[in-house]
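Single-structure report; data block below.
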2 protein chains.
Amino acid sequence: MLSKRQEISNCAARLFRKKGYKATSMRDIAEAMNMKAASLYNHISSKEELFSELLLKMATLFTIGMEEIAQSSLSTADKLERLIALHVKLTVEHTDAISLISGEWVHLPESSAAEYLKHRDSYEKEFRTIIDQGKKEGIYKDIDTDIILFSLLSTLRGLYSWYSKNKDYNSIELERQMINCLTHGINK
Amino acid sequence: MLSKRQEISNCAARLFRKKGYKATSMRDIAEAMNMKAASLYNHISSKEELFSELLLKMATLFTIGMEEIAQSSLSTADKLERLIALHVKLTVEHTDAISLISGEWVHLPESSAAEYLKHRDSYEKEFRTIIDQGKKEGIYKDIDTDIILFSLLSTLRGLYSWYSKNKDYNSIELERQMINCLTHGINK
DNA sequence: GTCTATAAGTCGATAGAC
DNA sequence: GTCTATCGACTTATAGAC
């Protein structure tokens, strides 16, 4: 049983994704919840807080997942596979909220934006370290690290869009296909 | 010498990209143009028109480029390379406007949205045909065509973001790296 | 905890002087 | 073609009855 607060959050994520944060009004969220806009404020304190919470939760999940992988004793190739699997898992479990990461984060209030970007930058930095390590070990092609990183992240961050139209796709098979599709592009 | 109308359009594209369409006010655009908001209406007829024009222009450029490639007698592999080159070229020449394609298009008014999606769907359909042809010829791996398509398009559509931070990167070299990075993922 | 009513501000767009 | 002034609609959020 979800708390009403959590129901509102899920509902908002769905609308933010569909219409964008700025174009989604508190009245829209209230209508989808069968309430009046004013009643929402008994459960949340502001629209910005609702939005920041969604994005910072996702950023934290990525940070935790990345730390586990980066600090493990897995091989470099296995680390990359686990990273792809992490994106697949979070996409399946938080499809709406994860969609906000690509573009909607610009609407974060200044206070949250700083914390969000800290998560994001450190995630990308650790991702880059893994790619560089693979190149050093000679298992990856000599393509500009930043181009590899941007290419992988673009695809992984856009996965929510593909997954939404293919929710019946077996999620283990999806993980396998993504790993296959993304890693063979850089393997020697 | 740009017409004032074109200056406003470029200015709006930059702001739409930075702050999002809904969060960019006519007053914001006017300020960046050193005018008052009311004066903008001597050159454009509405904010929606300004936005629709930007997105439909990009959609048309992609459609024209795709038609030339699809109807050519190039090999399948060369067609894909030309397609990647088309994205690189349009990204370099229209960095701000192209950024709106990924997420901001949802703010198109209903009238323009239909036309925009017609362009987009037909573009993706022809892209899919090229990938399928390559698989039939045995030059591409047996990965789900839709996954290949989504993976390529995610990266190509996100290129504006990478390019913005690397504007000094030689654009011929960028094209070569993108082709290398994207095609080796699916080549047998 | 939900409602009605409303405050206080911003939005796109127009009217009309110059 | 630019300006000031303003309209009417919409926004987030609050006050206070029930």
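Nothing here was measured: the structure is a model prediction, and the numbers come from that model. Reminder, nothing fancy here: chain letters follow the sequence lines and each chain counts from 1.
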Inset, instruction - Mind calculating the distance between NZ (A:Lys19) and P (D:dC10) to the nearest angstrom? - result: 12 Å

Legend entry - A:Tyr41 OH - C:dA5 C1' separation (whole Å): 15 Å

Inset, instruction - Check every atom of D:dC3, C:dC3, D:dA13 against the side chain of A:Met35 and return the nucleotide holding the closest atom. - result: C:dC3

Legend entry - Rounded interatomic separation in angstrom, taking CG from A:Asn34 and P from C:dG1: 17 Å

Inset, instruction - With the side chain of A:His43 defined as its heavy atoms from C-beta on, choose the nearest nucleotide among C:dA13, C:dG1, D:dT4. - result: C:dG1

Inset, instruction - Measure the distance from NZ on A:Lys36 to P on C:dT4 and round it to the nearest whole Å. - result: 5 Å

Inset, instruction - Would you tell me if any nitrogen or oxygen in the side chain of A:Ser39 comes within less than 4.0 Å of OP1 or OP2 on C:dC3? - result: yes

Legend entry - Pair A:Met35-A:Leu40, side chain to side chain contact (heavy atoms under 4.5 Å, CB included): steps then yes or no: CA-CA 7 Å; A:Met35 310 169 86; A:Leu40 292 171; 3.9 Å; yes

Legend entry - Lys/Arg-Asp/Glu bridge criterion (N-O < 4.0 Å) met for B:Arg27, B:Glu31: no

Legend entry - Atom-pair distance (CD1 on B:Ile29; C1' on C:dT10), nearest Å: 15 Å

Inset, instruction - Return the 5'-most residue of the pair A:Leu40, B:Met26 with respect to DNA chain C, ranking by each residue's nearest nucleotide. - result: A:Leu40

Inset, instruction - Please work out if A:Ser25 contacts a base, only the sugar-phosphate, or nothing of the nucleic acid, heavy-atom cut-off 4.0 Å. - result: sugar-phosphate

Legend entry - For DNA chain D, the residues among residues 47-57 of chain B that have a non-hydrogen atom under 4.0 Å from it: none

Inset, instruction - Check the surroundings of atom NZ in B:Lys136: do more than 12 heavy atoms from other residues, nucleotides or ligands lie under 6.0 Å from it? - result: no

Inset, instruction - Determine, for B:Asp96 against B:Arg14, whether the closest basic-nitrogen to carboxylate-oxygen distance falls under 4.0 angstrom. - result: no

Legend entry - Length of the line joining B:Lys22:NZ and D:dT11:C1', which is rounded to integer Å: 12 Å

Legend entry - Residues forming a side chain to side chain donor-acceptor pair (under 3.5 Å) with A:Gln133, sequence neighbours excluded: A:Glu137

Inset, instruction - For A:Met33 and C:dG1, give me the distance from atom CE to atom C1', rounded to whole Å. - result: 12 Å

Legend entry - B:Arg27 CZ to C:dG9 P, straight-line distance once rounded to whole Å: 15 Å

Inset, instruction - Report the C-alpha separation of B:Lys22 and B:Glu48 in whole Å, then their side-chain angles, then the decisive distance to 0.1 Å, and conclude whether the salt bridge (charged side-chain N to carboxylate O under 4.0 Å, His left out) test is met. - result: CA-CA 10 Å; B:Lys22 284 283 181 184; B:Glu48 283 190 347; over 6 Å; no

Inset, instruction - Indicate whether the side chain of A:Ser72 and that of A:Lys79 have a donor and an acceptor atom separated by less than 3.5 Å. - result: no

